[in-house]
*Asks:* 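Shown below is the structure under consideration.
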Amino acid sequence: MLDDFFKERGKLINLIQLFIGNEKLIDKIQPEIIKFFEQSRTIDILSVMLVESSVYFKVS
């Protein structure tokens with residue numbers, strides 16, 4: 001089962017690399033992740049999620 005997982009994962013990565021070329025995947029994704037976290041709306045959403053989860057996990 002674990003072998004199948006890694007075989008499928010390899011196929012997905014190879015497919016992605018066909019579209020982006022020989023550059024490392026992280027070199028393409030990292031700038032987009034940074035842009036995502038720099039947006040004020042993202043910070044607002046994450047803040048709300050953290051507050052809601054802290055209330056949910058709070059021990060009475």
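Numbers here are sequence positions counted from 1.
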*Asks:* Just grab all the salt bridge (charged side-chain N to carboxylate O under 4.0 Å, His left out) pairs involving residues 33-43, residues at least two apart or on different chains.
*Replies:* Glu32-Lys35
*Asks:* Could you state whether Ile34 and Leu46 fall into the same hydrophobic cluster, counting links through intermediate Ile, Leu, Val, Met, Phe, Trp or Tyr residues with side-chain heavy atoms under 4.5 angstrom apart?
*Replies:* no
*Asks:* Using side chain to side chain contact (heavy atoms under 4.5 Å, CB included) as the criterion, list what pairs up with Ile43, not counting sequence neighbours.
*Replies:* Ser47
*Asks:* Checking Phe36 now: which residues fulfil side chain to side chain contact (heavy atoms under 4.5 Å, CB included) with it, not counting sequence neighbours?
*Replies:* Thr42
